[in-house]
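Notes for the one structure printed next.
Each residue takes its place number in the sequence, starting with 1.
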Amino acid sequence: MTVVPNAKTDADPSAPRVLQPSGWPVPKGYANGMTADGRIVVTGGVIGWDTVGHLPADFTAQVKQALENIAAILADGGAKPEHLVRLTWYVVDMEEYLGNLKALGRIYRDVFGPHYPAMALVQVVRLVELAARVEIEATAVVPR
């Protein structure tokens with residue numbers, strides 16, 4: 001198992017780091033694992049509604065707002081996107097997710113930058129909010 005070097009985290013050895021088992025292919029857009037030492041900040045399941053409870057109909061717009069909502073929660077807890085160690089995505093339509101990969105990549109980088117924590121993606125029958133197309137849980141570790 002190797003810890004992947006990263007110029008941003010090499011300056012801060014307590015920052016979260018990517019775990020990449022030797023010989024494994026390097027994943028695109030996520031990490032196989034992460035290691036971190038510090039204070040944990042977690043979110044509940046976050047959907048793409050705005051501050052007045054409006055939920056856009058479009059899947060990618062919901063993802064963008066959900067990621068922005070996660071960034072706001074992290075900031076409230078003293079964390080930044082680069083402190084993310086895990087995201088779990090719940091989508092109601094896997095084909096909708098797969099059909100929007102390029103747009104989702106752009107949206108993700110616009111909100112979180114080029115930091116890719118460990119991620120899981122799960123298709124579910126539905127979410128609590130009937131109009132929600134995606135819900136995302138996040139875990140961050142703020143270095144000590």
Side-chain angles (χ1 to χ4, degrees), residues 1-12 14-21 24-143:
M1 178 94 43
T2 58
V3 176
V4 177
N6 178 317
K8 200 172 203 178
T9 59
D10 287 345
D12 182 1
S14 64
R17 293 182 176 261
V18 173
L19 299 174
Q20 178 63 30
W24 283 26
V26 176
K28 285 186 169 186
Y30 67 95
N32 288 308
M34 300 286 292
T35 184
D37 180 29
R39 183 176 47 81
I40 297 173
V41 178
V42 299
T43 72
V46 177
I47 63 171
W49 53 21
D50 62 19
T51 58
V52 295
H54 175 258
L55 189 64
D58 180 67
F59 176 74
T60 56
Q62 285 192 22
V63 169
K64 182 177 189 296
Q65 187 63 55
L67 295 177
E68 289 173 350
N69 292 347
I70 288 168
I73 294 167
L74 293 178
D76 202 48
K80 299 177 184 173
E82 59 262 27
H83 298 137
L84 284 167
V85 295
R86 181 164 185 77
L87 293 173
T88 303
W89 295 53
Y90 302 94
V91 298
V92 294
D93 184 345
M94 187 65 71
E95 296 308 317
E96 187 171 43
Y97 175 88
L98 294 172
N100 286 288
L101 286 177
K102 285 190 183 217
L104 294 173
R106 282 191 301 275
I107 290 166
Y108 182 94
R109 288 185 302 278
D110 285 349
V111 178
F112 289 158
H115 174 71
Y116 305 104
M119 290 190 217
L121 174 66
V122 180
Q123 181 173 317
V124 295
V125 173
R126 69 160 280 192
L127 299 167
V128 172
E129 293 296 327
L130 189 56
R133 311 290 305 151
V134 61
E135 185 170 316
I136 306 170
E137 295 175 331
T139 303
V141 178
V142 180

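- Residues T60 and I107 are in side-chain contact: their nearest non-hydrogen atoms beyond the backbone lie under 4.5 Å apart.
- The nearest pair of heavy atoms linking L84 to A138 is CD2-CB, 3.8 Å.
- In this structure, I40 places its CD1 atom where only 12 or fewer heavy-atom neighbours from other residues, nucleotides or ligands lie under 6.0 Å away.
- Among residues two or more places apart in sequence or in another chain, the ring-ring contact (aromatic ring centres under 6.0 Å, His included) test is passed with Y97 by W89.
- One distance of note links CG of L121 with CG of L87; it measures 11.0 Å at 0.5 Å rounding.
- Across all non-hydrogen atoms, the minimal contact from V46 to A66 is CG1-O, 3.7 Å.
- Minimum interatomic distance between A79 and V41 (heavy atoms only, all atoms of both residues): CB-CG2, 4.2 Å.
- Each salt bridge (Lys or Arg N to Asp or Glu O under 4.0 Å) pair with one or both residues in residues 44-55, not counting sequence neighbours, would appear here, but there are none.
- Between P27 and Q20 the shortest heavy-atom distance is CD-OE1, 3.5 Å.
- Sorted by first and then second residue, the side chain to side chain donor-acceptor pair (under 3.5 Å) pairs involving residues 65-81 (not counting sequence neighbours) are K64-E68, Q65-N69.
- In this structure, the side chains of P56 and Q62 come closer than 4.5 Å at one or more pairs of heavy atoms.
- With a 4.5 Å cut-off on side-chain heavy atoms, Y116 and M34 do not count as touching.
- Sorted by first then second residue, the ring-ring contact (aromatic ring centres under 6.0 Å, His included) pairs that include residues 42-86, not counting sequence neighbours, number zero.
- The side-chain heavy atoms of N32 and P21, taken from C-beta on, include a pair separated by under 4.5 Å.
- Looking at residues two or more places apart in sequence or on another chain, you find a side-chain contact (heavy atoms from CB on, under 4.5 Å) between A120 and R86, T88.
- Counting only residues at least two apart or on different chains, the side chain to side chain donor-acceptor pair (under 3.5 Å) pairs with a member in residues 119-143 are Y90-E137, E96-R133.
- Residues P117 and Y108 approach most closely at CD-OH, 3.1 Å, considering heavy atoms.
- A heavy-atom distance below 4.5 Å is not found between the side chains of D37 and V141.
- Put simply, the side chain of P143 does not reach to within 4.5 Å of the side chain of R39, judged on heavy atoms.
- Annotation for A132 and V92: closest pair O-CG1, 4.0 Å, computed over non-hydrogen atoms.
- Of the inter-residue distances, the one linking L67 atom CG with F112 atom CZ reads 4.5 Å to the nearest 0.5 angstrom.
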